[in-house]
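Quick caveat: nothing in here was measured; it's all calculated off a predicted structure. Note that the numbering runs from 1 along the sequence shown for the chain. When a ligand or atom number is given, it counts from 1 through the structure's own listing order.
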Amino acid sequence: MGGRAPLWLFGDQLGRHFHATPENRGRDVLLIESEAALARRPFHRQKLHLVLSAMRHLAGELGDRATLVRARTYREGLARFGRPVVVHEPGSHAAERLVADLIEEGLVEAELPTPGFIRSKRDFAAWADGRRRLVMEDFYRDQRRRFTVLVEPDGDPVGGTWNLDRDNREPPPHRAALGVPRAYRPREDDVDRGVRDDLDRLLRARRIGPVGVDGPRLFAATHDEAWRALRRFLTTRLASFGPHQDAMLAGDWAMSHALLSAPLNLGLLDPLAVVREAEARLRSGEAPLNSVEGFVRQILGWREWIWHLYWYLGPSYLDRNALDAHTPLPDWWRRLDPSRVSARCLRTALAGVRDRAYAHHIQRLMVLGNFALQRGFAPRALTEWFATAFVDGHPWVMPANVIGMSQYADGGVVATKPYAAGGAYINTMSDYCRDCRYDPRVRLGPDACPFTAGYWAWLDRNATRLTGNRRMARPLSGLRRLADREAVVEQERHRRRY
Ligand SMILES: Cc1cc2nc3c(=O)[nH]c(=O)nc-3n(C[C@H](O)[C@H](O)[C@H](O)COP(=O)(O)OP(=O)(O)OC[C@H]3O[C@@H](n4cnc5c(N)ncnc54)[C@H](O)[C@@H]3O)c2cc1C
Ligand code: SF4
């Protein structure tokens, strides 16, 4: 046994930048599988699998250095372990409160800063305090300068511009799939078989109630797998990441996306190392600037931004409901059952969540989130759904993405205008509408697209609330000119099938 206090790692702190740092070298490692944490919510089956698999793989890799305790709760696990531990800052307000209590109780000796994100909370607060408005683009540029990523020696951005988003909004090609090499797929092993058996047992005993279907593990669960997945993405898919970032194809669930959010959020990949690797592909000429900048923006910009807003805006942010939305999530949505859904875009995205616990960003924002916004789903319940049904869902990642970006429930703190769109947008950016029973151009009658008609009905419902938003002036003026406005609103009020 080492002389220093052991390091307790939560299930999202599993990488070498947590346990193999000079600070933690020589510490024993404690991992706790808490049954209460697994059973607390209806997590996706594949998400439960991934987390358990990752923890058990790490325990195996660390050998004698690690102790894996299976307990009802974290507190019970710590008590059973019997030695005070240190722990890195956890990823939720609830876990932060727990750690504070455990420090009081003497079960935890100290809380260390987290290496899971590039910028510290204190640094972020220093940047954010006193700003009139928190804008991701400002933060992102500051990150680029501070960590000298894609900047010239004089501090200017490489290529002369900070943001190449305008090069990254191409519609999908007229093909069934993007045609890029397949993403990395891990191979399951005995650890996975053990996890599957244990989850089956818990399920039979009704001690967990997961959603979604079981399936082969799709995402990296170890350091080596995560690096293999990263390298494969950088070598074979990064070059095409940029242009089709916002596109959707019914026959291509992954497109050129990295599929790295799960290993990143499990703490298996050091985000700054990921950014540096991507930058190196620009220098080596393997990927163009628009793709590299687009990807760097996701990790160094968006991911960090979302993490810091979670802490900066505090727990009360979760209760924001600026559009006064209270519709309960329908049963078919909660149970990930696309069988009753005819809208091809929605059916495809929901089936993807059921089958893989994953949907790519534009499906999350412009199909699932857009639908929830239009139908007035209660933002807090929706947040809970995203956090549990997705393989990469964690408490910190939800509020700014769901409450802010996707539902505009914060009234414009995160997004300057709601991400609401009708069928025309989905039709331009995907191939869904081609084989859909609805018509994206139609807003009234049996063929009326639920997104097109839903958009106008949503705008009608929220017209007064959105009047002060300059970016909504044009849509609101379009609404005023809509000849069949009342009929569309009435139709959508009674719509029960989508
Ligand atoms: C409604 C909604 C819910 C979301 N829920 C989650 C979630 O539960 N977990 C999650 O990690 N991301 C979430 N996102 C952000 C984003 O959609 C996912 O990170 C991305 O789809 C993951 O797939 P990928 O690894 O293939 O990402 P890529 O598209 O290849 O992007 C690369 C990486 O950038 C990071 N990233 C990009 N945008 C964001 C963002 N807005 N927030 C956080 N990280 C970002 C991720 O780590 C991602 O792996 C959500 C977005 C929306 C609009
Ligand atoms: S027509 Fe409407 S419902 Fe059908 S796929 Fe297009 S946007 Fe979705």
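Residue-level proximity to ligand 1 for Val397 is carried by the side chain, the only part with a heavy atom below 4.0 angstrom. The proximity of Leu264 to ligand 1, defined as any non-hydrogen pair under 4.0 Å, is limited to the side chain. No part of Ser430 comes within 4.0 Å of ligand 2, judged by heavy-atom distances.
Of the candidates His361, Gln298, His394, it is Gln298 that places a heavy atom closest to atom 34 (O) of ligand 1. Within the set Asp246, Val414, Asn401, the minimum heavy-atom distance to atom 14 (N) of ligand 1 is found for Asn401.
In terms of N/O distances under 3.5 Å, ligand 1 is approached by Asn265. Not one N or O of Met405 is nearer than 3.5 Å to an N or O of ligand 1, by distance alone. Ligand 1 has no nitrogen or oxygen under 3.5 angstrom from a nitrogen or oxygen of His360. The shortest N or O to N or O distance between Ile306 and ligand 1 is not under 3.5 Å.
Of all protein heavy atoms, the one closest to atom 13 (C) of ligand 1 is Arg364 NH1, 3.4 Å. Counting protein heavy atoms only, atom 2 (Fe) of ligand 2 is closest to Cys449 SG, 2.4 Å. Protein heavy atom at the shortest distance from atom 29 (O) of ligand 1 is His257 ND1, 2.8 Å. Looking from atom 48 (C) of ligand 1 to the surrounding protein, the closest heavy atom is Ser261 CB, 4.1 Å. Counting only heavy atoms of the protein, atom 4 (Fe) of ligand 2 lies nearest to Cys436 SG, 2.3 Å. Scanning the protein for heavy atoms near atom 8 (Fe) of ligand 2, the closest one is Cys345 SG, 2.4 Å. Of the protein's heavy atoms, Ala343 CB, 3.4 Å lies nearest to atom 3 (S) of ligand 2.
Ring centroids of Phe451 and Tyr438 are separated by 6.0 Å or more, keeping the two rings apart. Checked against the 6.0 Å centroid threshold, Phe295 and Phe233 count as a close aromatic pair. A centroid separation of less than 6.0 Å is found between the aromatic rings of Phe124 and Phe139. Outside the 6.0 Å centre-distance limit, the rings of His93 and Trp396 are not counted as a close aromatic pair. In this structure, Tyr140 has its ring center at least 6.0 angstrom away from the ring center of Trp305.
Annotation: Arg131, atom CZ; neighbour count of heavy atoms from other residues, nucleotides and ligands within 6.0 Å is above 12. Within a 6.0 Å radius of OH in Tyr419, no more than 12 heavy atoms belonging to other residues, nucleotides or ligands are found. Within a 6.0 Å radius of CZ in Arg437, more than 12 heavy atoms belonging to other residues, nucleotides or ligands are found.
Not a single heavy atom of Trp305 sits under 4.0 Å from any atom of ligand 1. Heavy-atom distances between Phe241 and ligand 1 reach below 4.0 Å in at least one pair. Heavy-atom distances between Tyr358 and ligand 1 reach below 4.0 Å in at least one pair. Under a 4.0 angstrom heavy-atom cut-off, Met398 registers as being in contact with ligand 1.
Among the candidates Arg45, His44, Lys47, the single residue satisfying the side chain to side chain contact (heavy atoms under 4.5 Å, CB included) test with Pro210 is Arg45.
Ionic pairing of Asp319 and Arg380 is present here: one or more N-O contacts between side-chain nitrogen and carboxylate oxygen are shorter than 4.0 angstrom. Arg133 and Asp138 are not joined by a salt bridge, as no carboxylate oxygen comes within less than 4.0 angstrom of a charged side-chain nitrogen.
Within the listing of ligand 2, atoms 7 (S) sit less than 4.0 angstrom from a heavy atom of Gly423. Near Leu260, the atoms of ligand 1 lying under 4.0 angstrom from a non-hydrogen atom of the residue are 25 (O), 49 (O). Per-residue contacts place Arg303 under 4.0 angstrom from the following atoms of ligand 1 (heavy atoms of the residue considered): 43 (C), 44 (N), 47 (O). The distance from ligand 2 to the heavy atoms of Tyr432 drops below 4.0 Å at these ligand atoms: 5 (S). Residue-ligand proximity, Pro450 to ligand 2, at heavy-atom distances under 4.0 Å covers atoms 3 (S). Every atom of ligand 1 with a heavy atom of Ile299 under 4.0 Å away is listed here by number and element: 33 (C), 34 (O).
Note: His361 NE2 to Ser406 OG = 9.5 Å, rounded to the nearest 0.5 Å. We find the CD1-CD distance between Ile306 and Gln298 to be 10.5 Å, quoted to the nearest 0.5 Å. Taking OH from Tyr317 and OH from Tyr310, the interatomic distance works out to 12.5 Å, rounded to the nearest 0.5 Å.
At a threshold of 2.8 Å, atom 6 (Fe) of ligand 2 has a backbone or side-chain N, O or S atom of Cys433 nearer than that distance.
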